[in-house]
Participant: 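I'd like to ask you about the structure that follows.
Every chain is numbered from 1, with letters handed out A, B, ... down the list of sequences.
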Protein chains: 2
Amino acid sequence: MGIHAVFGALADPTRLAIVERLLRTGDLTAGEIAAPFEISKPAISRHLKVLEEAGVVERRVERQFRVFRARPEGFAQMEDWLEKSREFWNGSFDRLERILAQEERRDAKDE
Amino acid sequence: MGIHAVFGALADPTRLAIVERLLRTGDLTAGEIAAPFEISKPAISRHLKVLEEAGVVERRVERQFRVFRARPEGFAQMEDWLEKSREFWNGSFDRLERILAQEERRDAKDE
DNA sequence: TCTTTATTTAACAAAAACATGAAATAAAGT
DNA sequence: ACTTTATTTCATGTTTTTGTTAAATAAAGA
């Protein structure tokens with residue numbers, strides 16, 4: 001689904017709070033998730049769908065409940081992206097390319 | 001500004017691509033950033049503003065150009081959030097709370 | 001089977017996000 | 001001063017997101 005879907009899922013404060021609670025508390029039913037919020041249950045249901053589609057949480061049916069939990073794979077995607085990004089800060093990549101790109105631009109305009 | 005603003009900034013595919021390019025290439029002017037995209041310059045300008053407000057990039061004025069670069073502090077926020085989350089997967093926290101919460105729920109409904 | 005409990009889907013309104021073209025701003029070059 | 005180059009702000013339209021209430025679905029209990 002792509003990393004930007006994961007970011008999109010966590011961009012909403014309500015969804016972020018849901019995920020943080022699932023991380024702390026483990027499995028929770030849709031009803032339990034909805035309870036602390038002021039917004040309606042259908043609204044929460046939609047948020048859960050967005051989180052599920054992004055791969056951040058997973059849903060299973062247990063009796064008459066839908067039980068949700070945070071999903072490691074969704075977080076792994078983010079970890080990977082962040083690690084790839086971190087390489088650039090740490091300099092464990094070919095820095096030459098960056099420097100050349102900057103010089104090139106500067107030369108073109110400066111002379 | 002909050003972590004969900006960072007997620008929101010990276011949720012848009014255009015913005016994500018801009019950030020990834022800035023990480024690879026280093027400093028780029030607004031015009032250079034806009035060039036590879038099909039969308040208009042005003043649109044890119046807005047995206048850059050969103051990224052800046054989220055703390056993911058920083059802008060400086062250099063001659064007649066606005067030069068942008070990725071900003072480590074913005075990424076640090078995400079690293080922190082992700083590390084906090086990772087604790088729950090790794091189990092280096094008091095797991096008792098989670099188990100109790102689940103048992104409690106199960107007892108209440110199961111009997 | 002009728003009701004209750006749990007949750008989702010549907011229909012729709014309001015707000016936010018994203019795009020565009022035109023005009024404004026600002027520094028640099030002539 | 002006037003023009004060019006670089007970029008942003010403005011006014012505006014479209015699409016997406018987020019929320020609401022009402023109805024649909026589905027399993028469990030009486």
Side-chain angles (χ1 to χ4, degrees), chain A residues 1-2 4-19 22 27-54 56-69 102 104-111, chain B residues 1-2 4-19 21-22 27-54 56-69 102 105-111:
Chain A
M1 253 233 126
H4 79 266
V6 176
F7 289 136
L10 299 174
D12 179 272
T14 302
R15 287 196 295 265
L16 189 65
I18 289 172
V19 169
L22 281 174
D27 295 6
L28 287 173
T29 69
E32 288 170 323
I33 291 167
F37 292 100
E38 300 234 304
I39 63 177
S40 67
K41 280 174 183 192
I44 297 291
S45 183
R46 276 208 150 181
H47 282 308
L48 288 170
K49 197 176 184 179
V50 172
L51 288 170
E52 190 188 17
E53 282 171 350
V56 175
V57 308
E58 61 185 23
R59 174 202 317 250
R60 69 174 191 279
V61 180
E62 199 174 283
R63 301 151 166 272
Q64 73 265 53
F65 307 99
R66 320 308 174 277
V67 182
F68 294 84
R69 80 165 71 188
Q102 286 171 47
E104 205 176 294
R105 179 173 60 74
R106 204 149 300 188
D107 290 353
K109 305 284 174 180
D110 212 39
E111 282 187 308
Chain B
M1 251 233 128
H4 79 266
V6 177
F7 289 136
L10 300 174
D12 180 272
T14 303
R15 286 195 295 265
L16 188 64
I18 289 171
V19 169
R21 179 148 169 249
L22 281 173
D27 295 6
L28 287 172
T29 69
E32 288 170 323
I33 290 167
F37 292 101
E38 299 234 306
I39 62 177
S40 67
K41 280 174 183 193
I44 297 291
S45 184
R46 279 213 143 177
H47 282 309
L48 288 169
K49 196 176 186 180
V50 172
L51 289 169
E52 189 187 18
E53 282 171 350
V56 175
V57 308
E58 61 184 24
R59 172 201 319 248
R60 68 174 191 279
V61 180
E62 198 172 284
R63 303 149 164 273
Q64 73 265 55
F65 307 99
R66 320 308 173 280
V67 182
F68 294 84
R69 79 166 71 187
Q102 286 171 47
R105 179 174 58 76
R106 204 149 301 188
D107 290 353
K109 305 284 173 180
D110 211 39
E111 281 187 310

Participant: Please give, in whole Å, the distance from D:dT9 C1' to B:Ile44 CD1?
Facilitator: 16 Å
Participant: Can you give one letter per nucleotide of nucleotides 11-20 of chain D, going 5' to 3': B for a protein heavy atom under 4.0 Å from the base, S for sugar-phosphate only, - for none?
Facilitator: -------BBB
Participant: Using the side chain to side chain contact (heavy atoms under 4.5 Å, CB included) rule, take B:Leu22 and B:Val56 through it: C-alpha gap first, then chi angles, then the decisive distance, then the call.
Facilitator: CA-CA 10 Å; B:Leu22 281 173; B:Val56 175; over 6 Å; no
Participant: Taking 4.0 Å as the cut-off, does a side-chain nitrogen or oxygen of A:Arg63 come that near to OP1 or OP2 on C:dT5?
Facilitator: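 Checking A:Arg63 against C:dT5: no side-chain N or O falls below 4.0 Å of OP1 or OP2.
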Participant: Would you mind telling me which of B:Arg60, B:Gln64, B:Arg66 makes a side-chain hydrogen bond (donor to acceptor under 3.5 Å, both in side chains) with B:Glu62?
Facilitator: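 One option only clears the test, and that one is B:Arg60.
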Participant: How close or far is atom C1' of D:dT8 from atom CG of B:Leu48, stated in whole angstroms?
Facilitator: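 Going from B:Leu48 (CG) to D:dT8 (C1'), I get 11 Å.
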Participant: What is the distance from CZ of A:Arg60 to C1' of C:dT7, rounded to the nearest Å?
Facilitator: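 Spelled out: CZ on A:Arg60 to C1' on C:dT7 is 16 Å.
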Participant: Please enumerate all residues that pass salt bridge (Lys or Arg N to Asp or Glu O under 4.0 Å) together with B:Arg59, with sequence neighbours excluded.
Facilitator: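 With sequence neighbours excluded, B:Arg59 shows a salt bridge (Lys or Arg N to Asp or Glu O under 4.0 Å) to B:Glu52, given in chain and number order.
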Participant: Take atom NE2 of A:His4 and atom P of C:dA17, then tell me their distance rounded to the nearest Å.
Facilitator: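 One finds 16 Å between P of C:dA17 and NE2 of A:His4, rounded.
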Participant: Any salt bridge (Lys or Arg N to Asp or Glu O under 4.0 Å) involving residues 36-51 of chain A? Give me the pairs, sequence neighbours left out, ordered by first then second residue.
Facilitator: none
Participant: Work out which heavy atom in B:Arg21 is nearest to a heavy atom in B:Pro36; give both atom names and the distance.
Facilitator: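 That closest heavy-atom pairing would be NH1-CG, 3.4 Å.
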Participant: So what is the end-to-end bend of the helix from C:dT1-D:dA30 to C:dT30-D:dA1, with 5 pairs used at each end and the value given to 10 degrees?
Facilitator: 10°
Participant: Just N and O in the side chain of A:Thr29: are any of them under 4.0 Å from OP1 or OP2 of C:dT7?
Facilitator: yes
Participant: Without decimals, in angstroms, what is the distance between A:Leu51 CG and C:dT8 C1'?
Facilitator: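 Computing the A:Leu51:CG to C:dT8:C1' distance gives 16 Å.
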Participant: Can you tell which of D:dT9, D:dT7, C:dT7 lies closest to the side chain of A:Phe65?
Facilitator: C:dT7
Participant: Reckon A:Phe37 touches a base, only the sugar-phosphate, or nothing at all at heavy-atom distances under 4.0 Å?
Facilitator: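 Here A:Phe37 touches no strand at all.
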Participant: Rounded off to whole Å, could you give me the CD-to-C1' distance for the A:Gln64 and C:dT3 pair?
Facilitator: 14 Å
Participant: How long is the line joining CG of A:Leu28 and P of C:dT7, in whole Å?
Facilitator: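 Atom-to-atom, A:Leu28 to C:dT7, this comes out as 11 Å.
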Participant: Got a sec, which residues hit side chain to side chain contact (heavy atoms under 4.5 Å, CB included) with A:Ala30, two or more places apart in sequence or on another chain?
Facilitator: A:Leu48, A:Phe68
Participant: Measure NZ/B:Lys49 against C1'/C:dA19 and give the value in whole Å, please.
Facilitator: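 Those two atoms, NZ and C1', are 16 Å apart.
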Participant: My understanding is that only residues two or more places apart in sequence, or in another chain, count here; which of them pass side chain to side chain contact (heavy atoms under 4.5 Å, CB included) with B:Val50?
Facilitator: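 B:Val50: side chain to side chain contact (heavy atoms under 4.5 Å, CB included) contacts with B:Ala9, B:Arg15.
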Participant: Does A:Ala43 have any side chain to side chain contact (heavy atoms under 4.5 Å, CB included) partners at least two apart in sequence or in another chain, and if so, which?
Facilitator: A:Ile39, A:Ser40
Participant: Got a sec, which residues hit side chain to side chain contact (heavy atoms under 4.5 Å, CB included) with A:Glu58, two or more places apart in sequence or on another chain?
Facilitator: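 For A:Glu58, the residues satisfying side chain to side chain contact (heavy atoms under 4.5 Å, CB included) (neighbours in sequence not counted) are A:Arg69, A:Arg71.
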Participant: Of the nucleotides C:dA28, C:dT7, C:dT8, which one has an atom closest to the side chain of A:Ser45?
Facilitator: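 The listed nucleotide nearest to A:Ser45's side chain is C:dT8.
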